[in-house]
Structure formats: C-alpha cells, structure tokens
**Q** 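Below are the structure tokens for one structure; questions will follow.
Sequence lines set the chain letters: A, B, ... in the order given, protein chains first and strands last, and positions in each chain run from 1.
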Protein chains: 2
Amino acid sequence: MPPDTAWLDPDQQRSWRAYLVGTTLLTERLDRDLRERHNLSLPEYEILVRLSEAPSKRMRMAVLADSVSHSRSRITHTIARLERNGFVERVSCADDRRGVEAVITDGGYRALEDAAPTHVAGVRAFLVDLASHEDFGAVGRVFDAVTDKLVEANPAADIR
Amino acid sequence: MPPDTAWLDPDQQRSWRAYLVGTTLLTERLDRDLRERHNLSLPEYEILVRLSEAPSKRMRMAVLADSVSHSRSRITHTIARLERNGFVERVSCADDRRGVEAVITDGGYRALEDAAPTHVAGVRAFLVDLASHEDFGAVGRVFDAVTDKLVEANPAADIR
DNA sequence: GCGAGAGAGTTGAACATTCAACCATAATCG
DNA sequence: CGATTATGGTTGAATGTTCAACTCTCTCGC
C-alpha cells in the first residue's frame with residue numbers, strides 16, 4: 001500500500017466496517033418500516049418528533065435544520081413534502097418577516113403517535129436491545145464526540 | 001404520550017439521538033472530503049476498496065452488492081458511474097453467462113491509492129481518534145450485532 | 001430435452017438530496 | 001438615513017437512490 005499514512009489497526013478496521021454496514025442496514029430497515037406502515041420516511045419522522053417536542057409545536061426552519069443536522073435546502077424540501085401530506089403547516093414569522101415557522105398539525109401529531117411505537121420497537125429490536133447498556137452508552141459517547149468535533153470544525157455551522 | 005410501548009430510557013434516548021446526528025455529520029463530511037479532493041463518493045470509495053482487495057481485483061455484482069449492503073440496482077448504477085470515470089470495467093462471466101464481474105482498472109487503483117490517505121485521516125480525525133479503544137470496540141460489537149440481526153431477519157438477504 | 005420457475009443483472013421512471021443561484025428582509029456602518 | 005452586507009429561506013436543475021418491471025440465462029423436474 002501507498003504512503004506513510006497512519007492506517008487503522010485490524011481491530012479498528014473491523015469496527016469501522018461493522019459500523020458502516022450496520023448503519024446502512026439499520027437505517028434502511030427503520031426507514032422501510034416507517035414508510036410501509038406509516039407513510040413517513042425516517043428523516044420526516046425525526047422532524048415531526050422535534051416539532052412535537054417544541055414549545056407550542058413549532059420551530060423556525062433554521063433551528064429545525066440544525067437540530068437534525070440537515071441543510072437548509074433539504075429542510076425546505078422535506079417540509080414542503082410534509083405540508084403536502086398535511087402533517088405540517090408553514091407560517092411566516094410575525095417578528096422577522098424573512099422567517100418561517102413549521103408547525104405540526106393535529107394530523108401530523110396523530111401520524112406521529114401512530115408511528116412512534118413501530119419506530120421505537122424497531123430501534124430496540126435492531127439496535128438498543130442487542131447491546132449491553134454499557135456498550136450502547138459507549139456508542140452515545142462516541143457520536144457525541146463526533147458531533148462536537150464536526151460542529152467545532154465547521155464554525156457557526158449552517159452545514160452549508 | 002400514546003400507548004404501552006417500551007420507550008427508551010433517557011440514557012438510551014440521548015445515545016440514540018447522538019448516534020443519529022453524529023452519523024449524519026460524519027458521513028456527510030467523509031463524503032464531501034472524498035468528492036472534493038478525489039472525485040469519489042464514499043460509497044464509490046467503499047466499492048473500490050472491496051474490489052482492490054478481491055483476488056484478481058474483481059467481483060461478481062451480487063457479491064459486491066452484499067459486501068457493501070447495497071441493493072443490486074444501486075450497484076449497477078454506481079458501477080456504471082465508476083465505469084464512465086474509467087475506474088472500473090465490466091466483464092461478463094465466462095462460466096455463468098448471466099453474470100457480470102466488476103474489475104478495478106489501473107486508473108481506479110491509482111485513484112484509490114490517492115484517496116485512501118485522505119479518507120483514513122478523516123476517519124481517524126472525526127471518529128476513531130475521538131474514542132477510547134474500548135469505546136470504539138463497543139461500537140464495533142454493537143454494529144456487528146445489528147448486522148447479524150438484520151441479515152438473519154431478512155434471510156438469504158438480497159436486501160431487495 | 002423441454003417447459004416452468006429461479007437467479008443475475010439492467011433499465012427507466014419516480015423520488016430524495018445536493019448544489020448554486022436567487023429573492024426578500026434585517027442589520028450594520030459610514 | 002442610504003448603501004452594503006449578512007441572514008433566512010426558497011427554487012430548479014443535476015445528481016443519486018429506490019422501486020417495479022423486464023431480459024436473459026440457468027436449473028430442475030418431468
């Protein structure tokens with residue numbers, strides 16, 4: 001192999017690949033379950049969760065974007081889709097007239113309530129319950145560190 | 001909240017969300033680095049790695065698909081792209097005339113050698129080196145379990 | 001041998017995401 | 001103030017992925 005790079009040792013290599021294929025499979029599966037049974041994609045679901053938790057069930061587009069780590073453009077498109085399906089409404093901000101808030105509708109809330117048990121069951125069955133509490137805690141720590149590193153690296157971070 | 005589902009406890013919830021946003025950020029970043037500096041996407045890179053490691057630098061499409069856990073269709077399209085860029089060639093199998101093998105070209109191999117240091121540096125900087133050896137080992141274990149579970153769940157597993 | 005599946009892979013349309021250009025409003029500064 | 005720049009968000013085209021239908025070859029039972 002080529003230069004003097006600090007390659008991964010065999011353990012790290014195996015873990016890294018396990019992570020890559022595991023993630024692929026997992027998100028594929030969770031996404032499929034939501035789509036088939038509840039007509040929602042995983043990212044859409046994530047967004048509804050955030051909205052449902054927000055005070056008065058609404059969020060500014062940019063805040064929402066940051067909270068799920070998607071680009072602004074992506075959020076615009078996704079919210080547009082959710083709006084077409086009647087799960088979300090777009091209302092323009094009173095105080096900042098550039099701004100737009102996404103509000104989850106009653107229908108959206110119901111869809112979310114429907115979908116949540118399916119989703120959580122999947123997260124458990126295909127991830128959480130497969131790991132010891134400690135191991136899963138480690139996953140949390142690791143990806144917290146990843147997030148910190150990557151938002152620090154990309155300051156003020158609009159992702160794009 | 002709704003029914004009698006086994007929700008995640010607060011720790012699990014935090015870990016799960018950390019994983020979700022961390023993964024998003026990480027793959028986004030690794031992909032971007034490869035694209036900008038080496039004109040390869042992360043999935044393309046993964047494929048070249050597999051091919052480069054294969055005996056005589058070739059693989060049947062289906063085997064390749066399984067090894068990176070992508071759908072057959074996706075592999076077809078991706079290989080088509082790689083072929084257009086001159087990184088891979090498609091040759092039809094001698095023994096099974098339905099079959100096709102993807103072969104990495106010299107150009108592809110060179111591109112891979114170029115890209116590898118960048119990529120590994122990223123994997124280290126934004127993931128591996130941020131975690132203790134034990135924690136990263138846990139990540140490996142967890143996602144190995146995920147993979148096992150999901151492949152078992154979807155027997156013979158062509159993904160689609 | 002041959003006809004009915006099963007397996008390998010491709011195709012093209014539908015859909016989602018990214019990318020770059022863009023409009024509108026706000027904030028800043030001379 | 002008025003011009004400039006920054007911020008919030010959208011748009012449409014390009015790119016990538018998924019989905020369902022399809023072709024071709026192989027296999028197996030008769």
**Q** Salt bridge or not between Arg110(B) and Asp114(B)? Use side-chain N to carboxylate O under 4.0 Å.
**A**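 Between Asp114(B) and Arg110(B) there is no salt bridge, as every charged N stays at least 4.0 Å from the carboxylate O atoms.
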**Q** Distance check needed: dG16(D) P versus Leu34(B) CG, whole Å only.
**A**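 The answer, rounded to whole Å, is 14 Å.
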**Q** Please give, in whole Å, the distance from dT10(C) P to Arg84(B) CZ?
**A**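 One finds 13 Å between P of dT10(C) and CZ of Arg84(B), rounded.
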**Q** State which residues pass side-chain contact (heavy atoms from CB on, under 4.5 Å) with Arg58(B); sequence neighbours excluded, sorted by chain then number.
**A**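 Testing Arg58(B) for side-chain contact (heavy atoms from CB on, under 4.5 Å), a comparison that skips the adjacent residues, returns Ser56(B), Val91(B), Glu101(B), Val103(B).
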**Q** Rounded to the nearest Å, what distance is computed from the CZ atom of residue Arg72(A) to the P atom of nucleotide dG8(D)?
**A**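 Taking CZ of Arg72(A) and P of dG8(D), I get 5 Å after rounding.
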**Q** Any pair with a residue in residues 116-133 of chain A that passes side chain to side chain donor-acceptor pair (under 3.5 Å), sequence neighbours left out, goes on the list, sorted by first then second residue, please.
**A**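 Only His38(A)-Thr118(A), Arg124(A)-Asp129(A) qualify under side chain to side chain donor-acceptor pair (under 3.5 Å).
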**Q** For Met61(B) and dG7(C), give me the distance from atom CE to atom P, rounded to whole Å.
**A**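 In whole Å, dG7(C) P lies 19 Å from Met61(B) CE.
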**Q** Whole Å only: how far is the CZ atom of Arg32(A) from the P atom of dA16(C)?
**A**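 After rounding, the reported distance stands at 14 Å.
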**Q** Could you go over nucleotides 11-15 of chain C and give all protein N or O partners under 3.5 Å, atom names and distances?
**A**
unit_1: dT11(C); atom_1: O4; unit_2: Ser73(B); atom_2: OG; d: 3.2
unit_1: dG12(C); atom_1: O6; unit_2: His77(B); atom_2: NE2; d: 3.0

**Q** Please enumerate all residues that pass salt bridge (charged side-chain N to carboxylate O under 4.0 Å, His left out) together with Asp96(B), with sequence neighbours excluded.
**A**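 For Asp96(B), the residues satisfying salt bridge (charged side-chain N to carboxylate O under 4.0 Å, His left out) (neighbours in sequence not counted) are Arg60(B), Arg98(B).
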**Q** My understanding is that only residues two or more places apart in sequence, or in another chain, count here; which of them pass salt bridge (charged side-chain N to carboxylate O under 4.0 Å, His left out) with Asp144(A)?
**A**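 For Asp144(A) there are no salt bridge (charged side-chain N to carboxylate O under 4.0 Å, His left out) partners, ignoring immediate neighbours.
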**Q** What is the distance, rounded to the nearest whole Å, between atom OH of Tyr45(A) and atom P of dA16(C)?
**A**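 Going from OH in Tyr45(A) over to P in dA16(C) covers 19 Å.
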**Q** So, for Gly22(B) and Val146(A), which heavy atoms are closest and what is the spacing to 0.1 Å?
**A**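 Reported closest heavy-atom pair: O-CG1, 3.8 Å.
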**Q** Under 3.5 Å between N/O atoms: give me all the protein pairs with nucleotides 25-28 of chain D, atom names plus distance.
**A**
unit_1: dC26(D); atom_1: OP1; unit_2: Arg97(B); atom_2: N; d: 2.9

**Q** Round to the nearest Å and state the distance from His70(A) atom NE2 to dG9(D) atom C1'.
**A**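 Computing the His70(A):NE2 to dG9(D):C1' distance gives 17 Å.
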**Q** On DNA chain D, does the nearest nucleotide to Ile75(A) precede the nearest nucleotide to Asp31(A) from the 5' side, or the other way round? Give the residue.
**A**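 Per heavy-atom nearest nucleotide, the more 5' residue is Ile75(A).
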**Q** Angle between the end axes of the helix from dG1(C)-dC30(D) to dG30(C)-dC1(D), five pairs per end, to the nearest 10 degrees?
**A**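 Axis angle across the helix from dG1(C)-dC30(D) to dG30(C)-dC1(D), nearest 10°: 20°.
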**Q** Check side-chain contact (heavy atoms from CB on, under 4.5 Å) between Thr23(B) and all other residues, then give those that pass, not counting sequence neighbours.
**A**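 Thr23(B): side-chain contact (heavy atoms from CB on, under 4.5 Å) contacts with Tyr19(A), Thr23(A), Phe143(A), Tyr19(B), Thr27(B).
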**Q** Which residues satisfy the side-chain contact (heavy atoms from CB on, under 4.5 Å) test with Arg97(A), sequence neighbours excluded?
**A**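 Not a single residue meets the side-chain contact (heavy atoms from CB on, under 4.5 Å) criterion with Arg97(A).
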**Q** Side chain of Val100(B) only, please: which of dG9(D), dT17(D), dG9(C) is the nearest?
**A**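 Closest of the options to the side chain of Val100(B): dG9(C).
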**Q** So, is Arg60(B) close to the dG9(C) phosphate, meaning a side-chain N or O under 4.0 Å from OP1 or OP2?
**A**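 Arg60(B) to dG9(C) OP1/OP2: side-chain N or O found under 4.0 Å.
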**Q** On DNA chain D, check which nucleotide each of Cys93(A) and Ser41(B) is closest to and give me the residue with the more 5' one.
**A**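 Mapping each residue to its closest nucleotide by heavy atoms, the 5'-most match is Cys93(A).
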**Q** Could you tell me if the side chain of Ser69(B) sits less than 4.5 Å from the side chain of Glu28(A), heavy atoms only?
**A**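 No, side chains not in contact.
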**Q** Return all side-chain donor-acceptor pairs below 3.5 angstrom for residues 82-89 of chain B, not counting sequence neighbours, or 'none' if the list is empty.
**A**
unit_1: Glu83(B); atom_1: OE1; unit_2: Arg90(B); atom_2: NE; d: 3.1
unit_1: Glu83(B); atom_1: OE2; unit_2: Arg90(B); atom_2: N; d: 3.3

**Q** Would you please name every residue forming a side-chain hydrogen bond (donor to acceptor under 3.5 Å, both in side chains) with Glu53(B), sequence neighbours left out?
**A**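 Testing Glu53(B) for side-chain hydrogen bond (donor to acceptor under 3.5 Å, both in side chains), a comparison that skips the adjacent residues, returns Arg17(A).
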**Q** What's the CG-C1' distance between Asp66(B) and dG9(C), to the nearest Å?
**A**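 Nearest whole value for this atom pair: 13 Å.
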**Q** What pairs with Leu20(A) under side-chain contact (heavy atoms from CB on, under 4.5 Å), at least two apart in sequence or on another chain?
**A**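 Counting only residues at least two positions away or on another chain, Leu20(A) forms a side-chain contact (heavy atoms from CB on, under 4.5 Å) with Trp16(A), Glu46(B).
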